[in-house]
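Down below is the structure, laid out as structure tokens.
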Amino acid sequence: MTIQSKEQLLSFVSETVKTTPVTDIHTHLFAESFGDLLLWGVDELLTYHYLIAETFRFRPDLSYDAFWQMSKQEQADLIWQTLFIEHTPYSEACRGVVTVLNRLGFDVSKRDLEEYRTYFRNVKASDYINRILELAKVKTVVMTNDPFDAYERGVWEKGGSTDSRFLAALRIDPLLNLWDTSWTKLVEQGYQVQQDLSGETMAEIRRFLKDWIGRMNPLYMAVSLPNDFAYPEDSVRVRIIDECIIPVAREADIPFAMMIGVKRKVNPSLKDAGDSVGKSDIGTVERIVSKYQDVKFLVTMLSRENQHELAVTARKNRNLLVFGCWWFLNNPSLIEEITRMRLELLGGSVIPQHSDCRILDQLLYKWDHSRGIIAKVLCDKYGDLFDTGWRLTEEEIRRDVEDLLGGVFWKFLGKPDPTL
Ligand code: RAT
Ligand code: ZN
């Protein structure tokens, strides 16, 4: 049906973005069969590493050791007191907790942490997974699966995920970023590799990757890379990319996802919260994606400064799909700016957002907040067309939104969306 008035257009777009089910292409969530790796509940929400970093800013006298020695509940109490009671929770990560509690039906004006805890003590994981995925309208979650993690390996040996809503991504950070310590872990898993990459090492790394691809059936292989990642370069990392990752990605026909721009451990005392951001050289992305045009690359970059040139690079290379507003970019002001710019340069050939959730409940806020912004940008773009006399049908808007919230990803993979 063709939409005739601007008012009708804007309300249809907002409603469609709000209700269209999402494929969340990068999270740190897990299916229930992964046991303790799946995090959920209010104490996990409050001890999210984004909030830990914010708490230390208001607690100059708190020693790092003292904090890490506390129980999870004590940490959560301190974070709640510091960020939600003694200050107003308007940072994006704090606001997220409030959005989640509100969406779960709590009266947030009471600020009663014990009431939230009581609720969570009485919920079963499987029911909660259903409730959150339904409320957040997330149909598929892509996990981050680490073959170097002994506990997780055990889960895969028992069959991995039996829940079709949770799909795998093979994460290989240690292989590319910490070879000096990770090569022995390959040896422990039965691969004949040498630290100096000699002998059968490259063939064995390929065998390792292919074995894990066979076990996990991942949608892509992924790595986070430092801001000074360079390509080409005379380094172990680049040799492994050229001789192992690229040929295996090509053969398995899965993309290589590069998440570029992290400065790991700028403050190691903060643990997971101690990583930072640095600007990267877009030339590195340009060179690798144009050298391997028959391989697919999913790329996100962490620095705001790299966003425009990344979108331009995607215009030149159809084997490059830009995704998400990652980590420190996952803030309303930046999501809006970046989404607007990407839609202007790339139309709908982009994945505007992923959640990066570490705690199941966060799906509620990460997607609610992002959907609102994506809708706003789309309303502007459709509105501009409307003003010229261009008319859209409801079906066309539904198609566009479904593409942005998952379709583009599945088409890029060359796989049917399993939920359709
Ligand atoms: O956003 C985060 O929670 C970060 O700590 C990282 O996990 C990042 O998203 C990554 O995937 O490396
Ligand atoms: Zn992540």
Side-chain angles (χ1 to χ4, degrees), residues 1-27 90 92-93 95-96 98-100 102-103 132-141 300 304 307 311 321-327 329-357 361-388 390-411 417 419-420:
M1 200 181 81
T2 303
I3 297 178
Q4 297 298 356
S5 80
K6 198 154 179 185
E7 209 186 13
Q8 200 194 343
L9 172 73
L10 302 187
S11 90
F12 187 79
V13 172
S14 302
E15 194 52 29
T16 306
V17 176
K18 210 169 165 182
T19 54
T20 299
V22 172
T23 299
D24 194 344
I25 84 139
H26 169 60
T27 77
Y90 53 68
E92 177 61 8
R95 176 188 162 220
V98 180
T99 299
V100 170
N102 176 45
R103 287 280 260 119
I132 295 295
L133 292 183
E134 235 157 74
L135 273 177
K137 299 214 177 333
V138 171
K139 57 180 177 179
T140 315
V141 167
T300 196
R304 179 191 187 185
Q307 300 309 315
L321 181 58
V322 175
F323 74 97
C325 299
W326 182 26
W327 199 347
L329 298 173
N330 199 348
N331 293 310
S333 59
L334 297 173
I335 300 170
E336 179 164 346
E337 164 187 303
I338 294 166
T339 304
R340 214 171 265 288
M341 178 274 293
R342 286 177 177 166
L343 297 197
E344 286 162 5
L345 277 169
L346 298 166
S349 64
V350 66
I351 300 170
Q353 193 55 304
H354 66 268
S355 76
D356 232 314
C357 287
D361 328 40
Q362 292 173 333
L363 286 170
L364 292 174
Y365 94 79
K366 301 244 187 190
W367 280 109
D368 272 22
H369 295 185
S370 289
R371 282 183 203 264
I373 299 162
I374 294 167
K376 183 172 170 194
V377 174
L378 275 179
C379 281
D380 284 355
K381 298 298 157 206
Y382 287 132
D384 290 343
L385 290 171
F386 189 90
D387 292 343
T388 68
W390 185 268
R391 293 291 173 264
L392 285 141
T393 64
E394 292 185 350
E395 292 68 38
E396 286 169 332
I397 291 169
R398 258 189 233 114
R399 173 204 61 198
D400 293 354
V401 173
E402 279 166 13
D403 277 348
L404 289 173
L405 298 183
V408 167
F409 174 64
W410 289 106
K411 285 174 205 164
D417 177 341
T419 64
L420 295 180

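Predicted model only: the values in this text are computed from it and were never measured.
Only one option out of Leu404, Asp403, Val408 pairs with Val350 in a side-chain contact (heavy atoms from CB on, under 4.5 Å); it is Leu404.
Using a distance-only test at 3.5 Å, with no hydrogens or angles considered, no donor-acceptor pair links the side chain of Arg304 to the main chain of Leu334. Within the 3.5 Å criterion, the main-chain N or O of Phe323 finds a donor-acceptor partner in the side chain of Thr300. A donor-acceptor distance shorter than 3.5 angstrom exists from the side chain of Arg371 to the backbone of Thr20, with no hydrogens or angles considered.
Atom NZ of Lys18 has 12 or fewer neighbouring heavy atoms from other residues, nucleotides or ligands inside a 6.0 Å radius. Taking a 6.0 Å sphere around NZ of Lys139, one finds it holds more than 12 heavy atoms contributed by other residues, nucleotides or ligands.
Arg340 has a carboxylate O that lies under 4.0 Å from a charged side-chain N of Asp380, or vice versa, which qualifies the two as a salt bridge. Taking the charged nitrogens against the carboxylate oxygens, Arg399 and Glu395 have no contact shorter than 4.0 Å, which rules out a salt bridge. A salt bridge is absent between Arg398 and Glu402; no separation between the charged side-chain nitrogens and carboxylate oxygens falls under 4.0 Å. Lys6 and Asp387 are joined by a salt bridge, as a carboxylate oxygen and a charged side-chain nitrogen come within less than 4.0 angstrom of each other.
Of the N and O atoms on the side chains of Asn330 and Gln353, at least one donor lies less than 3.5 Å from an acceptor on the other residue. A donor and an acceptor atom, one from each side chain of Thr99 and Asp368, are nowhere located under 3.5 Å apart.
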